Amino acid sequence: MNKFIKKLNKISIKLLYNMYNIKIEKINILYTKNYNYGDISIIISSIFCLKDKEKKKFGIYLGNYIIKKFKKYIYKYNFKNNFLNFFLTNYFYIEIINKFLKLNFNINKFINDVNNNNKLIIIDYSSPNTNKPLHIGHLRNMLIGNTISNIYYELGYKVIKSQIINDRGIHICKSIVSWKLFFNGITPLSYNIKSDHFVGKLYFKFEKELNKEIKNISYKYNINNEKAKKLSKLLIIVNDELVKWENNNTNSIYIWKMINLWAYKGFKKTYNALNIKFDEIIYESKTYIIGKKIINKGIKNKIFFLDKDKSVYFLFKKKKIILLRSNGTSLYITQEIGTLIYRLKKYKKIHLLIYVVGNEQIYHFNILFEIVKKINLSIKNNNLFHLSYNSVNFLGKKIKSRYGKNIIFIDDLIDKMYINVIKKFKEKKKKYNNKKKILKLISIGAIKYQFIKINPNKIIDFNFDKCLELKGNTGIYIQYTYVRIYSILKKNKNKYFIIKKKHINLIKKNEKDILKNIIEYPNIINKSAYKYDPSIFTNYVYDLSKKINVFYQNNKIINIKNIYKKNIRLIICNIILKFLDKSMKILGIPIIKKI
RNA sequence: GGUCACGUAGCUCAGAUGGAUAGAGCAACUGCCUUCUAAGCAGUUGGUCACAGGUUCGAAUCCUGUCGUGAUCACCA
């Protein structure tokens with residue numbers, strides 16, 4: 001289809017030059033939105049150097065010329081409001097259908113313009129802290145990351161799905177201290193809860209105690225919270241713990257390892273439930289040392305500076321950005337620099353490194369990219385991209401996960417959705433036996449779809465009623481579409497045959513709408529990739545499904561006598577199934593063959 | 001205050017490179033299961049595209065300003 005439009009473009013430009021001696025590079029051609037006007041439109045009014053009378057003259061001439069040249073594909077044109085509209089022949093669509101049949105329904109061969117020479121793209125997403133379970137903020141992150149990875153893979157890139165685990169830092173020390181002080185000797189087993197949820201308990205307990213202590217101090221000495229923090233004993237203990245940890249203290253490392261293992265074990269279960277996968281896992285506890293080394297080197301090269309109190313800083317827009325604390329321990333940005341260098345060593349040539357991280361860290365990434373510019377690495381700034389997305393709010397407020405309040409864990413959401421799906425299934429269909437697996441897949445699809453259909457720049461104001469909705473534009477709509485088509489093809493025993501010219505009038509509007517949609521697939525996938533927006537592709541899949549359901553509901557497919565008509569419809573069903581299959585895999589919506 | 005997002009139907013959201021009469025879903029109200037799976041289909045109702053200017057043949061889309069919402073500006077991550 002793109003080729004066809006390019007041809008039209010070329011001819012229009014050439015003709016314009018021949019007639020008026022006007023040279024332009026491109027003419028505006030688009031799919032006609034209103035089918036009453038046509039299928040493809042050339043916007044003559046965009047040639048602004050022509051006068052109105054000349055536009056009409058040129059338009060009609062061009063129309064006649066094109067219709068003669070492409071008799072096979074175009075049968076009619078009209079000229080309205082300076083738009084030159086063409087109507088596509090049925091042959092145009094039949095050719096597509098026959099092509100699929102000849103290619104034995106191999107979509108990749110049909111699309112045929114995925115070719116990016118295996119360029120390497122690293123997509124960094126999820127990056128959990130090991131101090132609490134994964135929550136719906138992580139969910140948005142991992143779904144954007146996973147989907148955008150699949151989209152780039154589809155475009156022929158070599159994609160590394162990369163997860164960094166923030167397994168070190170002050171927050172982990174809080175859990176360590178909490179375990180020592182309040183939970184000594186207790187394990188997830190003794191509490192009988194999922195191990196990462198136990199780790200969360202440690203962290204929230206610490207924050208609660210810290211909060212209490214600070215309130216007491218500020219009341220006692222009549223000072224504000226900031227000043228009270230400096231007097232907090234708990235914070236002193238935690239900072240000591242961090243120094244101990246960075247100095248490889250045996251006891252510290254032992255507890256740290258134990259707590260992290262609990263966290264990983266829990267994360268793994270959640271990832272498995274959602275079918276989120278990674279090609280590599282990087283532990284910051286291993287890369288922060290590389291970061292420290294680079295920073296020390298940078299002091300010598302006068303990129304970074306040593307302050308009076310021995311902290312190290314970087315100047316960003318005349319502001320001091322601390323890279324190493326005065327006690328020598330490292331910060332988030334230190335680890336980030338280390339991780340980048342680790343990657344550059346591991347992979348020789350990185351075409352693009354995408355960080356999927358929330359928009360609250362835009363400032364942080366601006367600093368990081370500025371540092372990269374200064375320390376002269378083998379990667380340039382325009383090969384780094386921060387894919388930022390907006391927050392997931394609950395009850396109208398951003399989730400502050402500190403105290404464990406107002407926080408929704410993915411595990412809990414999955415459970416709730418599953419119960420909801422079972423309930424709705426029982427309301428609709430009476431028999432409920434051994435459908436557990438399928439209902440589980442429906443609930444996973446439903447959750448994922450709710451998140452990826454929304455543009456990353458928008459705030460998601462999470463609420464259960466909305467999220468549990470299973471009508472209309474939802475995951476199950478896509479799954480159900482697949483089930484219907486699959487069911488038809490399973491029942492069919494006829495063989496397909498090439499459509500002959502004399503049968504071209506058997507193809508109708510509903511079928512054409514689907515085919516029109518399908519030939520746009522490569523454009524959409526490209527757009528979704530370069531805009532870093534999975535929702536573009538998601539909405540396309542919904543749109544396609546909608547057209548399929550219209551077609552399905554308004555046309556009989558198997559139970560018709562005309563074998564030629566039946567043949568056309570069955571082939572289209574086959575095409576649909578292949579595209580749905582591919583699309584759902586990209587979106588990570590589980591495919592179900594029977595409900 | 002600086003920077004960055006966002007503002008489209010009662011609600012949730014689509015509207016790429018400016019194009020013709022701004023589209024879906026939910027909610028409300030009508031129809032359609034003896035016929036390939038009704039979590040569906042067909043239809044009705046619902047809009048000053050936050051506001052004001054500008055750019056041009058043409059603006060929800062681009063530019064400027066105003067208002068509103070949110071994020072961010074840490075020896076947190």
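Just so we're on the same page: letters track the sequence lines, and every chain starts at 1. This is a predicted model, so every value here is computed, not measured.
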Engineer: Taking 4.0 Å as the cut-off, does a side-chain nitrogen or oxygen of A:S391 come that near to OP1 or OP2 on B:A71?
Structural biologist: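 Answer no for this pair, as no side-chain N or O of A:S391 is under 4.0 Å from OP1 or OP2.
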Engineer: Expressed as a whole number of angstroms, how long is the span from A:R140:CZ to B:C13:C1'?
Structural biologist: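 After rounding, the reported distance stands at 12 Å.
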Engineer: Salt bridge check: are A:K509 and A:D513 linked by an N-O gap of less than 4.0 Å?
Structural biologist: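 A:D513 and A:K509: salt-bridged.
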Engineer: Does B:G15 have its OP1 or OP2 closer than 4.0 Å to a side-chain nitrogen or oxygen of A:K33?
Structural biologist: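 So the side-chain polar atoms of A:K33 never come under 4.0 Å of the phosphate oxygens OP1 or OP2 of B:G15.
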Engineer: Where the side chain of A:N359 is defined as all heavy atoms beyond and including C-beta, which of B:A71, B:A16, B:A77 is the nearest nucleotide?
Structural biologist: B:A71
Engineer: Tell me if a side-chain donor or acceptor on A:W256 pairs with a main-chain N or O of A:D167 at a distance below 3.5 Å.
Structural biologist: yes
Engineer: For A:N131, report the nucleic acid contact type (base, sugar-phosphate, nothing); a contact means any heavy atom under 4.0 Å.
Structural biologist: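 No contact at all - A:N131 keeps every heavy atom at 4.0 Å or more from the nucleic acid.
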Engineer: State whether A:F206 and A:K174 meet the cation-pi test: NZ (Lys) or CZ (Arg) under 6.0 Å from the six-membered ring centroid, and within 45° of the perpendicular axis.
Structural biologist: no
Engineer: What's the CG-P distance between A:L387 and B:A5, to the nearest Å?
Structural biologist: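 About 14 Å, once rounded to whole Å.
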Engineer: Between B:C41, B:U21, B:C26, which one does the side chain of A:Y37 approach most closely?
Structural biologist: B:U21
Engineer: Measure from CD1 on A:I557 to C1' on B:U37 and round the result to the nearest Å.
Structural biologist: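 The answer, rounded to whole Å, is 12 Å.
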Engineer: Syn or anti for B:C33, please, going by whether the chi angle lies within 90° of 0.
Structural biologist: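 Because its glycosidic torsion lies within 90° of 0, B:C33 adopts the syn conformation.
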Engineer: Among B:A38, B:G25, B:A20, which nucleotide sits nearest the side chain of A:Y480?
Structural biologist: B:A38
Engineer: Out of B:C4, B:A16, B:A39, which has the shortest distance to the side chain of A:K527?
Structural biologist: B:A16
Engineer: Is it true that the NZ or CZ of A:K516 lies under 6.0 Å from the centre of A:Y31's six-membered ring and within 45 degrees of the ring axis?
Structural biologist: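 Not flagged: A:K516 not positioned over aromatic ring of A:Y31.
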Engineer: Between the base of B:G19 and the side chain of A:N28, is one N or O donor paired with an acceptor at under 3.5 angstrom?
Structural biologist: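 Yes, a donor-acceptor pair under 3.5 Å.
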Engineer: Mind checking the P distance from B:C29 to B:U72? Whole angstroms is fine.
Structural biologist: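 Pairwise P distance, B:C29 against B:U72, rounds to 43 Å.
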Engineer: Who passes side-chain hydrogen bond (donor to acceptor under 3.5 Å, both in side chains) against A:N523, sequence neighbours left out?
Structural biologist: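 Partners of A:N523 under the side-chain hydrogen bond (donor to acceptor under 3.5 Å, both in side chains) test: A:N2.
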Engineer: Rounding to an integer number of Å, can you tell me how far A:I367 CD1 sits from B:U72 P?
Structural biologist: 14 Å
Engineer: Heavy atoms only, 4.0 Å cut-off, all strands: where does A:N554 land among base, sugar-phosphate and nothing?
Structural biologist: sugar-phosphate
Engineer: May I have the distance from A:Y540 (atom OH) to B:A16 (atom P), rounded to whole angstrom?
Structural biologist: 17 Å
Engineer: So what does A:N463 hit on the nucleic acid, given a heavy-atom distance under 4.0 Å: a base, only sugar-phosphate, or nothing?
Structural biologist: nothing
Engineer: So, is A:R484 near the phosphate of B:A38, with a side-chain N or O under 4.0 Å from OP1 or OP2?
Structural biologist: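 So the side chain of A:R484 is within the cut-off, an N or O lying under 4.0 Å from OP1 or OP2 of B:A38.
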Engineer: Is it the case that the side chains of A:S162 and A:D124 hold a donor-acceptor pair, with the cut-off being a distance below 3.5 Å and no angle test?
Structural biologist: no
Engineer: Which is true for A:I170 with a 4.0 Å heavy-atom rule: it touches a base, it touches only sugar-phosphate, or it touches nothing?
Structural biologist: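 It contacts sugar-phosphate atoms only.
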Engineer: Within this structure, what is the CD1-to-C1' distance between A:I459 and B:U72, rounded to whole angstrom?
Structural biologist: 13 Å
Engineer: Which nucleotide sits closest to the side chain of A:Q553: B:U21, B:A39, B:A38?
Structural biologist: B:A38
Engineer: Output the single nucleotide from B:A20, B:U37, B:A77 whose closest atom is nearest the side chain of A:F83.
Structural biologist: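 Closest nucleotide among those given: B:A20.
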Engineer: Less than 4.0 angstrom between a side-chain N/O of A:Y363 and OP1 or OP2 of B:C73, yes or no?
Structural biologist: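 Answer is no, no contact under 4.0 Å.
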Engineer: For B:C41 versus B:G47, give the span between their P atoms, rounded off to a whole number of Å.
Structural biologist: 24 Å
Engineer: Can you tell me how far P in B:G15 sits from the matching atom in B:G54, rounded to whole Å?
Structural biologist: 29 Å
Engineer: Please pick, from B:C76, B:C41, B:C57, the nucleotide with the shortest atom-to-atom distance to any side-chain atom of A:S45.
Structural biologist: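 Of the options given, the side chain of A:S45 lies nearest B:C57.
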Engineer: Once you apply a heavy-atom cut-off of 4.0 Å, does A:S388 come out as touching a base, just sugar-phosphate, or nothing?
Structural biologist: nothing
Engineer: Measure up the A:F314 and A:F304 rings against each other and bin them: parallel (under 30°), tilted (30 to 60°), perpendicular (over 60°).
Structural biologist: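 The arrangement is perpendicular - the two ring planes meet at more than 60°.
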Engineer: Tell me whether the rings of A:F86 and A:Y77 are parallel (<30°), tilted (30 to 60°) or perpendicular (>60°).
Structural biologist: tilted
Engineer: With a 4.5 Å limit on heavy-atom distance, are the side chains of A:S232 and A:L210 in contact?
Structural biologist: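 Yes, side chains in contact.
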Engineer: Name the nucleic acid region contacted by A:K471, choosing base, sugar-phosphate or nothing; use a 4.0 angstrom heavy-atom cut-off, strictly under.
Structural biologist: sugar-phosphate
Engineer: Is A:R168 paired with A:E246 through a side-chain N to carboxylate O contact shorter than 4.0 Å?
Structural biologist: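 Answer for the salt bridge query: yes.
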Engineer: Does A:K428 have a side-chain nitrogen or oxygen under 4.0 Å from the phosphate oxygens OP1 or OP2 of B:A38?
Structural biologist: no
Engineer: By the 4.0 Å heavy-atom rule, please label A:N34 as base, sugar-phosphate, or nothing.
Structural biologist: base
Engineer: Does a side-chain N or O of A:K466 approach OP1 or OP2 of B:G25 to a distance below 4.0 Å, or not?
Structural biologist: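 For B:G25, neither OP1 nor OP2 has a side-chain N or O of A:K466 closer than 4.0 Å.
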Engineer: Look at all strands and tell whether A:L470 reaches a base, only sugar-phosphate, or nothing, counting heavy atoms closer than 4.0 Å.
Structural biologist: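 If one applies the 4.0 Å heavy-atom cut-off, A:L470 turns out to touch a base.
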Engineer: Work out how far the P atom of B:G10 is from that of B:G46, and round it to whole angstrom.
Structural biologist: 11 Å
Engineer: Return no unless some side-chain N or O of A:K546 is found under 4.0 Å from OP1 or OP2 of B:G23.
Structural biologist: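 Checking A:K546 against B:G23: no side-chain N or O falls below 4.0 Å of OP1 or OP2.
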Engineer: Between A:R325 and B:A77, does any side-chain N or O lie under 4.0 Å from OP1 or OP2?
Structural biologist: yes
Engineer: Would you classify A:V550 as touching base, sugar-phosphate or nothing, given that sugar-phosphate means primed atoms plus P, OP1 and OP2, and contacts are heavy atoms under 4.0 Å?
Structural biologist: sugar-phosphate
Engineer: Cut-off 3.5 Å, no hydrogens considered: what does the side-chain donor-acceptor table look like for residues 486-495 of chain A, sequence neighbours left out?
Structural biologist:
{"unit_1": "A:N492", "atom_1": "OD1", "unit_2": "A:N494", "atom_2": "N", "d": "2.9"}
{"unit_1": "A:N492", "atom_1": "ND2", "unit_2": "A:N494", "atom_2": "O", "d": "3.3"}

Engineer: What interatomic distance, in whole Å, is found between C1' of B:U44 and the corresponding atom of B:C49?
Structural biologist: 23 Å
Engineer: If I pick the P atom on B:U3 and the same atom on B:G19, what distance separates them, to the nearest angstrom?
Structural biologist: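 Comparing P positions in B:G19 and B:U3 gives a spacing of 29 Å.
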Engineer: In whole angstrom, what separates A:Y542's OH from B:G15's P?
Structural biologist: 14 Å
Engineer: Of all the nucleotides listed (B:A71, B:U37, B:A16), which has the minimum atom distance to the side chain of A:K531?
Structural biologist: B:A16
Engineer: Heavy atoms from C-beta onward define the side chain here; which of B:A20, B:A77, B:A38 lies closest to that of A:Y552?
Structural biologist: B:A38
Engineer: Output yes when at least one side-chain N/O atom of A:K453 is less than 4.0 Å from OP1 or OP2 of B:U12, else no.
Structural biologist: no
Engineer: Report the nucleotide, chosen from B:U35, B:G19, B:C36, that has the shortest atom-to-atom distance to any side-chain atom of A:K491.
Structural biologist: B:C36
Engineer: Rounded to the Å, how far apart are A:Q361 CD and B:C4 P?
Structural biologist: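 Roughly 19 Å, once rounded to whole Å.
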Engineer: In which stems does RNA chain B show up, taking only runs of three or more Watson-Crick or G-U wobble pairs whose two distances fall under 3.5 Å?
Structural biologist: B:1-7 with B:67-73, B:10-13 with B:23-26, B:28-32 with B:40-44, B:50-54 with B:62-66
Engineer: Looking across every strand, which nucleic acid part, if any, lies under 4.0 Å from A:S46 by heavy atom: base, sugar-phosphate, or nothing?
Structural biologist: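 Base, at least one base heavy atom under 4.0 Å.
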